[in-house]
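Please read the structure below before turning to the comments.
Since the model is a prediction, treat every value here as computed from it, not as a measurement. What's counted below: heavy atoms across the whole structure, side chains too, no hydrogens, waters or symmetry copies. Just follow the structure's listing: the first ligand is 1, and inside any ligand the first atom is 1.
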Amino acid sequence: MARSQSRAESAIQRITSLHSSSRGHLHFLPLDLSDLTTIKPAVERFLARESRLDWLNHNAAISMPDPKTKSPQGHDLSYATNVLGPYLLTKLLLPTLNETARKLPDEGKGMVRVSWAGSAVIEALSQSGGLAFDSTGTPKDYWWNIYTGTKTANLFLCREFARRTDAVLHNCYNPGNLKSNLLHNLRAQVGEWMLRPLDWFVLYPGVMGAYTELWAGLSPELGMGDQGCYIVPWGRKVGEGHLRNDLVQNIGEGRGSEKLWDWCERETGRFT
Ligand SMILES: NC(=O)c1ccc[n+]([C@@H]2O[C@H](COP(=O)([O-])OP(=O)(O)OC[C@H]3O[C@@H](n4cnc5c(N)ncnc54)[C@H](OP(=O)(O)O)[C@@H]3O)[C@@H](O)[C@H]2O)c1
């Protein structure tokens with residue numbers, strides 16, 4: 001699922017030509033995560049073709065758009081794209097994921113998964129407790145740190161779905177610091193040259209991000225006992241002690257993660 005047909009189709013063409021003997025099939029399904037009206041139609045198109053789903057990977061995200069730009073439903077564009085869209089997509093696909101998981105033999109338990117892209121910024125830059133909310137229950141971040149808030153929200157949603165699901169394995173992964181298009185808004189704002197040292201010394205080739213994602217989605221080392229686990233580059237599960245204590249303490253019933261869930265429910269309810 002992607003929002004740009006031409007980019008998706010050129011990626012499909014490249015993958016197909018690299019693996020011409022594969023029996024797999026790739027199809028483009030239009031979905032704009034920032035627009036809640038597009039999520040249910042995308043799910044319906046998917047379900048018209050498929051009756052099972054083994055892995056839902058929330059990879060898409062944006063960072064630092066113009067803060068004045070809102071989603072079609074009037075939400076902050078980063079929260080719409082990185083949090084509300086993926087939340088609604090997961091809710092609508094959960095029955096199919098559950099059904100797929102239930103049909104698996106015992107040795108396949110834990111192989112039906114939902115993976116959420118987190119980031120090193122969760123631990124490095126998130127506010128105390130990870131997320132804070134205003135009096136209406138809406139997440140609030142300093143404008144320069146909204147991306148971090150959305151990535152923390154991805155970890156929190158992973159944990160909330162994990163708490164409420166028994167057949168599907170949810171996990172959250174930091175794909176690593178990678179050369180990609182993610183910082184294009186920041187590059188435009190501060191100047192390409194300001195970020196050159198990042199390119200030289202901090203960022204890895206983009207393809208390496210796929211190692212961690214694929215491990216999260218496909219590794220047979222993970223089972224239902226790893227529900228809600230956190231994964232770091234380049235495909236390694238870490239224990240709870242890896243995450244900051246104030247984040248861990250804000251996850252669970254009656255805490256920040258549940259407040260986030262309630263907000264997502266409220267904002268997406270009329271699009272289900
Ligand atoms: N790069 C890093 O260093 C890094 C570090 C930690 C975590 N991450 C996470 O890794 C994931 C992948 O990031 P990346 O570095 O590959 O960034 P990227 O190159 O900017 O790719 C982001 C992808 O999201 C898609 N997307 C954006 N808005 C969308 C929308 N409204 N609907 C549907 N798709 C949309 C983009 O599609 P278009 O092609 O149509 O724009 C693009 O395919 C993100 O979740 C990011 O937070 C990245």
Side-chain angles (χ1 to χ4, degrees), residues 1-12 14-15 26 28-43 45-46 56-66 69-73 75-90 114-126 141 145-158 171-188 195 197-217 230-235 271:
M1 291 183 179
R3 63 179 168 172
S4 157
Q5 180 156 6
S6 60
R7 277 190 234 179
E9 283 178 348
S10 86
I12 289 173
R14 270 182 54 212
I15 295 168
L26 295 168
F28 165 69
L29 283 173
L31 167 81
D32 181 345
L33 284 167
S34 70
D35 182 352
L36 292 171
T37 63
T38 71
I39 313 280
K40 193 170 179 188
V43 169
R45 261 183 237 115
F46 173 76
L56 172 61
N57 179 27
H58 292 303
N59 171 70
I62 55 168
S63 81
M64 305 197 91
D66 179 344
T69 315
K70 300 291 177 204
S71 76
Q73 286 75 42
H75 297 109
D76 169 85
L77 194 59
S78 301
Y79 266 92
T81 310
N82 304 0
V83 180
L84 291 173
Y87 172 83
L88 181 57
L89 185 61
T90 311
V114 179
S115 299
W116 300 77
S119 169
V121 297
I122 298 175
E123 291 144 274
L125 297 178
S126 67
D141 302 278
N145 214 16
I146 287 177
Y147 171 73
T148 301
T150 67
K151 292 287 103 184
T152 309
N154 289 159
L155 168 66
F156 280 21
L157 284 184
C158 163
N171 58 36
C172 181
Y173 60 86
N174 163 18
N177 300 325
L178 307 154
K179 289 183 187 131
S180 74
N181 206 28
L182 189 66
L183 298 179
H184 75 274
N185 287 318
L186 182 62
R187 287 181 199 276
L195 297 187
L198 270 187
D199 294 334
W200 292 333
F201 303 117
V202 179
L203 301 180
Y204 289 86
V207 68
M208 292 181 73
Y211 302 159
T212 312
E213 297 196 28
L214 290 172
W215 196 87
Y230 197 64
I231 294 164
V232 296
W234 308 104
F271 301 96

CA sep, side-chain torsions, deciding dist, call: Val83, Asn154, side-chain contact (heavy atoms from CB on, under 4.5 Å): CA-CA 7 Å; Val83 180; Asn154 289 159; 4.2 Å; yes
Any N/O pair Thr81/ligand 1 closer than 3.5 Å: no
Residue and atom name of the nearest protein heavy atom (relative to atom 45 (O) of ligand 1), distance in Å to one decimal: Asn59 O, 2.7 Å
Which atom of Pro205 lies closest to which atom of Leu178, heavy atoms considered: O-CD2, 3.6 Å
Leu33 and ligand 1 - part of the residue with a heavy-atom distance under 4.0 Å: both
Shortest non-hydrogen contact from Tyr147 toward Ile62: CD1-O, 3.4 Å
Is_contact(atom 42 (C) of ligand 1), protein non-hydrogen, under 4.0 Å: no
Which of the ligand 1 atoms, numbered from 1, are nearer than 4.0 Å to a heavy atom of Leu31: 32 (N), 33 (C)
CA sep, side-chain torsions, deciding dist, call: Trp234, Tyr204, ring pair (Phe, Tyr, Trp, His ring centres under 6.0 Å): CA-CA 11 Å; Trp234 308 104; Tyr204 289 86; 5.0 Å; yes
Heavy-atom pair with the smallest gap, counting every atom of Ile146 and Ser78: CG2-CB, 3.8 Å
Nearest-option assignment for atom 48 (C) of ligand 1, heavy atoms, candidates Leu182, Thr150, Thr148: Leu182
Contact check: Asn177 vs ligand 1, nitrogen or oxygen atoms, below 3.5 angstrom: no
Ser34 to Ser71 - nearest heavy-atom pair and separation: O-CB, 3.4 Å
Tyr204, Tyr147, Trp116: member with heavy atom nearest to atom 46 (C) of ligand 1: Tyr147
Minimal non-hydrogen separation, Met1 against Ala42, with atom names: CE-O, 3.8 Å
From CA spacing to verdict: side-chain hydrogen bond (donor to acceptor under 3.5 Å, both in side chains), Tyr79, Asp141: CA-CA 11 Å; Tyr79 266 92; Asp141 302 278; 2.7 Å; yes
Gly118 heavy atom under 4.0 Å from ligand 1: yes
Test log, rule side-chain contact (heavy atoms from CB on, under 4.5 Å), inputs Phe271 and Thr37: CA-CA 6 Å; Phe271 301 96; Thr37 63; 3.8 Å; yes
Location of contacts on Leu183 toward ligand 1, heavy atoms closer than 4.0 Å: neither
Contact partition for Lys151 relative to ligand 1, non-hydrogen atoms under 4.0 Å: side chain
N or O contact, Arg7 vs ligand 1, cut-off under 3.5 Å: yes
OG1 on Thr38 to CG on Leu36, rounded to 0.5 Å: 7.5 Å
His58-ligand 1 polar pair, N/O distance under 3.5 Å: no
Which of the ligand 1 atoms, numbered from 1, are nearer than 4.0 Å to a heavy atom of Ser34: 31 (N)
Element-labelled atoms of ligand 1 that are located less than 4.0 Å from some non-hydrogen atom of Ile62: 27 (C), 28 (N)
Sub-4.0 Å heavy-atom contact, Gly176 with ligand 1: yes
Under 3.5 Å: N/O of Ser119 near N/O of ligand 1: no
Polar atom proximity, Asn174 to ligand 1 (N or O, under 3.5 Å): no
Where ligand 1 meets Ala117 - atom numbers and elements under 4.0 angstrom, heavy-atom basis: 45 (O)
Which of the ligand 1 atoms, numbered from 1, are nearer than 4.0 Å to a heavy atom of Asp32: 30 (C), 31 (N), 32 (N)
Least distance between heavy atoms, His58 atom then Leu89 atom: CE1-CD2, 4.1 Å
Atom indices of ligand 1, in the order listed, that fall short of 4.0 Å to a heavy atom of Ala60: 24 (O), 25 (C), 26 (N), 34 (N), 35 (C)
Heavy atom of Pro175, distance to ligand 1 below 4.0 Å: yes
Heavy-atom side-chain contact between Tyr173 and Glu213 under 4.5 Å: yes
Among Asn57, Thr212, Asn171, side-chain hydrogen bond (donor to acceptor under 3.5 Å, both in side chains) partner for Ser115: Asn171
